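Step one of this worksheet: look at the structure below.
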Amino acid sequence: MADNNELEKTLWAAADKLRSNMDAAEYKHIVLGLIFLKYISDAFNDLYNKLKAGKGEFEGADPEDADEYLAHNIFFVPEKARWQYLQDRAKKPEIGKLIDEAMDAIEKINASLKGVLPKIYADPELNKQRLGELIDLIGTIGFNQDGHKAKDLLGRVYEYFLGQYADAEGKKGGQFWTPVSIVKLLVEMLEPYNGRVYDGCSGSGGMFVQSEKFVEEHQGNIKDLSIYGQESNPTTLRLAKMNLAIRGIDARIELGDTFLNDRHKELKADFILANPPFNISNWSGDKLRDDIRWKFGVPPTGNANYAWLQHFIHKLSPSGTAGIVLANGSMNSNSGGEGDIRKNMIESGLIDCMVALPAQLFYNTMIPACLWFLARNKSNGKFRNRSNEILFIDARKLGTMVNRRNKELSDDDIKLIAQTYHNWRGKDGKYEDKAGFCKSATIEEVKNNNYVLMPGRYVGTEEEIDDLPAPRAGIFYVYAIRCDDDSIYIGQTDDLSRRWNEHKNGKGADWIKGHKPIRIVHYEEYSSREEAVAREKELKTTSGRRWLKEEIASGRARQAGGVPFEEKMNALTAKLAGQFAKGNELEKTIRESLKGIGYEF
């Protein structure tokens, strides 16, 4: 949230200064590994001193017995891995080697940390003087505070640094980090007091951390929660395990592809909180055509959104609830049979609430997002029977800018949205529809709206089409709109959402005023107005229009709700890189073969 303590900011500024020219993606492992080491060393020292004093329950205890620490859920830290030992040697040239050895020693004696800790500090390219300065800096965290306060502070610093690295890494940061305000909203909505909590794409474990905070803030017992997760990226999994270990959260997070190798096959969760990657096309859908999870329809191979939704439904217990972050296009997409899947889910009574989020909440994408809240049984007696209803909340106007690129939801915003949902589903809630913000719609109303789930359509606010990107400085768009008579209008703009709303309201070009715009069927991004104008002219030619119609007919056009251009380019460049690598290998083989028969060039 926006009220981060000045200490976290000061530490971040100092640590980032020491980063010098190192890439943020690499440097975060250096820093977060040291913060973790400082945390477990402080926790160890706290218990060590009590054991050494030998008073009360600790009478006769051996402070060097690892089992004493295991009994108190504290990691045992060998002598040469303790923070003070390392900090005393921080200025020595071999400090990197000493830290790697410390990490290795900790893993050997604590089975749950095996393969988790970074052992990258002896790297010759890592500046050892700056590493020593970083150790001294982190050594100040929790200084002169008692054990509990010091550990809590380290947890806050770890979380703050994770967010800052996600911001620094941009798109890649989204692979391990969901902004805290979104996680907090999901948790406040679902209220996971006790039971099994699951996240099938758990990233750095933020959903679990916030669930634990929620329980503590409401005087509950964290032991009443059982945590299950899965993460496909081994590096991200290590971040998660350290993040959870800092807080003493016992979690069963497994490594593997959630679709191809579900590591919690038999699990039925009471609460599911997840932020799966938006609109991914490479999810191995072609290998899962007959999967048992597709109860409501087989999801398209080119987009995993409805695969994620059905996977999470499959995971719900008979009275379980889920909160899932997805791209806006999921609410009204009809491509690849998604419209039929959505219809079947709605008619089965699984959709409880839909929330449209403000733009610019995420570090890794400008695509507007929404929250899907699912309930396995809306008439189980826990809350009022709402079987024939869906709550729609339009929160697009909420949120506050925290920097030039990003917004976040304030605590008041979160309270407003969560309380609206609780009032609506509660037996004694005082819920009322509020024009422009919330509406309780019947399934019949949703049916009459072609099973579209965009809140703006129900609460009375202006809709934003699908996944149109928020405006960005220096980016210009060429777009094509299909009208009710099947004609195509082509134009260019620097703000696609604004231009679409203008056309819908009969503003803009004279030509479109006599037609009814139905949908943006294609758009492209350019880095200058001149390029966009030139491309607009090209598409308006006979050959350009023919090409555009072929792209739309084949499904290759970039429609709202489709795969973002960046993701397409990333996939293309990755594929080309592989082909180039094979080409280089082939060239090397040919050269060696020619050299062998006396022809060298």
Side-chain angles (χ1 to χ4, degrees), residues 178 182-215 218 220-232 237 240-241 243-244 247 249-277 288 291-296 299 304-326 345 348-353 355 371-383 418 421-422 425:
T178 302
I182 296 174
V183 180
K184 189 169 184 179
L185 175 59
L186 285 169
V187 170
E188 290 291 332
M189 295 276 277
L190 291 182
E191 299 183 304
Y193 285 107
N194 56 65
R196 297 172 297 275
V197 179
Y198 172 70
D199 182 354
C201 35
S202 49
S204 56
M207 300 290 183
F208 304 136
V209 169
Q210 198 61 51
S211 296
E212 182 236 16
K213 286 182 181 178
F214 176 86
V215 170
H218 292 79
N221 189 339
I222 187 60
K223 291 181 180 178
D224 291 336
L225 286 184
S226 300
I227 306 292
Y228 300 85
Q230 186 158 340
E231 172 55 45
S232 61
L237 180 65
K241 289 194 172 185
N243 194 16
L244 297 175
R247 293 165 175 83
I249 299 174
D250 184 21
R252 300 167 184 85
I253 305 181
E254 302 293 340
L255 178 66
D257 184 303
T258 302
F259 290 130
L260 291 176
N261 183 21
D262 181 1
R263 300 295 301 274
H264 301 288
K265 238 182 178 67
E266 307 304 318
L267 174 69
K268 297 298 178 185
D270 301 298
F271 303 98
I272 293 174
L273 303 99
N275 174 25
L288 298 165
D291 197 276
I292 192 174
R293 290 169 286 189
W294 316 148
K295 300 287 188 190
F296 305 97
N305 288 346
Y306 278 81
W308 284 116
L309 285 169
Q310 292 189 85
H311 170 76
F312 292 129
I313 291 169
H314 180 73
K315 285 292 184 192
L316 281 175
S317 70
S319 59
T321 53
I324 301 153
V325 189
L326 282 175
M345 288 169 58
S348 296
L350 286 160
I351 315 299
D352 204 31
C353 175
V355 180
L371 303 180
W372 290 65
F373 288 93
L374 311 175
R376 173 64 84 179
N377 185 350
K378 295 202 276 187
S379 59
N380 61 8
K382 185 177 181 181
F383 305 106
Y421 178 52
H422 296 159
R425 73 174 181 175

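Computed from a predicted model, the values in this text were never measured in an experiment. Side-chain atoms are counted along with the backbone in the values below, which use heavy atoms only and exclude waters and symmetry mates.
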- Item | Sub-4.5 Å side-chain heavy-atom contact between I351 and W372 | yes
- Message: Testing the basics here: between I227 and A251, what is the closest heavy-atom pair and its distance to 0.1 Å?
- Response: CG2-CB, 3.5 Å
- Message: Rounded at 0.5 Å granularity, tell me how far CG in L374 sits from NZ in K315.
- Response: 15.0 Å
- Taking the six-membered ring for Trp, are the ring centroids of Y306 and W294 within less than 6.0 Å of each other? no
- Trace of the side-chain contact (heavy atoms from CB on, under 4.5 Å) decision for F271 with E191: CA-CA 9 Å; F271 303 98; E191 299 183 304; 5.8 Å; no
- Look at the aromatic rings of H311 and Y198 and report parallel, tilted or perpendicular, splitting at 30° and 60°. tilted
- Query: So do W308 and P299 actually touch side chain to side chain, heavy atoms under 4.5 Å?
  - Reply: no
- Query: Do the ring centers of Y421 and F373 come within less than 6.0 Å of each other?
  - Reply: yes
- Mind checking whether L273 and I324 have side chains closer than 4.5 Å, heavy atoms only? no
- Message: For H314 versus I292, what's the shortest heavy-atom pair and its separation?
- Response: CE1-CG2, 4.2 Å
- Identify the two heavy atoms, one from A240 and one from G203, that lie closest to each other, and give their separation to 0.1 Å. CB-O, 3.3 Å
- Please lay out, stage by stage, how V355 and M189 fare under the test side-chain contact (heavy atoms from CB on, under 4.5 Å). CA-CA 11 Å; V355 180; M189 295 276 277; 4.0 Å; yes
- At what distance, to the nearest 0.5 angstrom, does CG of L316 lie from NZ of K268? 8.5 Å
- Query: Considering the options D270, T321, I313, which one meets the side-chain contact (heavy atoms from CB on, under 4.5 Å) requirement together with R376?
  - Reply: I313
- Message: Please give me the minimum heavy-atom distance between P276 and V325, naming the atom from each residue.
- Response: CD-O, 3.3 Å
- Start with the C-alpha gap between E231 and D199, add the side-chain angles, then the distance that decides, and say whether side-chain contact (heavy atoms from CB on, under 4.5 Å) holds. CA-CA 9 Å; E231 172 55 45; D199 182 354; over 6 Å; no
- Can you find a pair of side-chain heavy atoms, one from K382 and one from S319, that are under 4.5 Å apart? no
- Quick one: does L326's side chain get under 4.5 Å of L309's, heavy atoms only? yes
- Verify, without hydrogens or angle tests, whether R293 (side chain) and F259 (backbone) share a donor-acceptor contact under 3.5 angstrom. yes
- Sub-4.5 Å side-chain heavy-atom contact between S348 and K295: no
- Query: If you take all heavy atoms of L225 and P192, which pair is closest and at what distance?
  - Reply: CD2-O, 3.4 Å
- Can E254 and K265 be counted as an ion pair, charged N to O under 4.0 angstrom? no
- Heavy-atom closest contact (L185 atom, A418 atom, distance): CD1-N, 4.4 Å
- Report yes or no: does S317 contribute a side-chain atom to a donor-acceptor pair with the main-chain N or O of A269 at less than 3.5 Å? yes
- Task: Dump the intermediate steps for side-chain contact (heavy atoms from CB on, under 4.5 Å) on S202 and Q230, then the final yes or no.
- Result: CA-CA 6 Å; S202 49; Q230 186 158 340; 5.6 Å; no
- Item | 4.5 Å side-chain heavy-atom contact, R425 and K378 | no
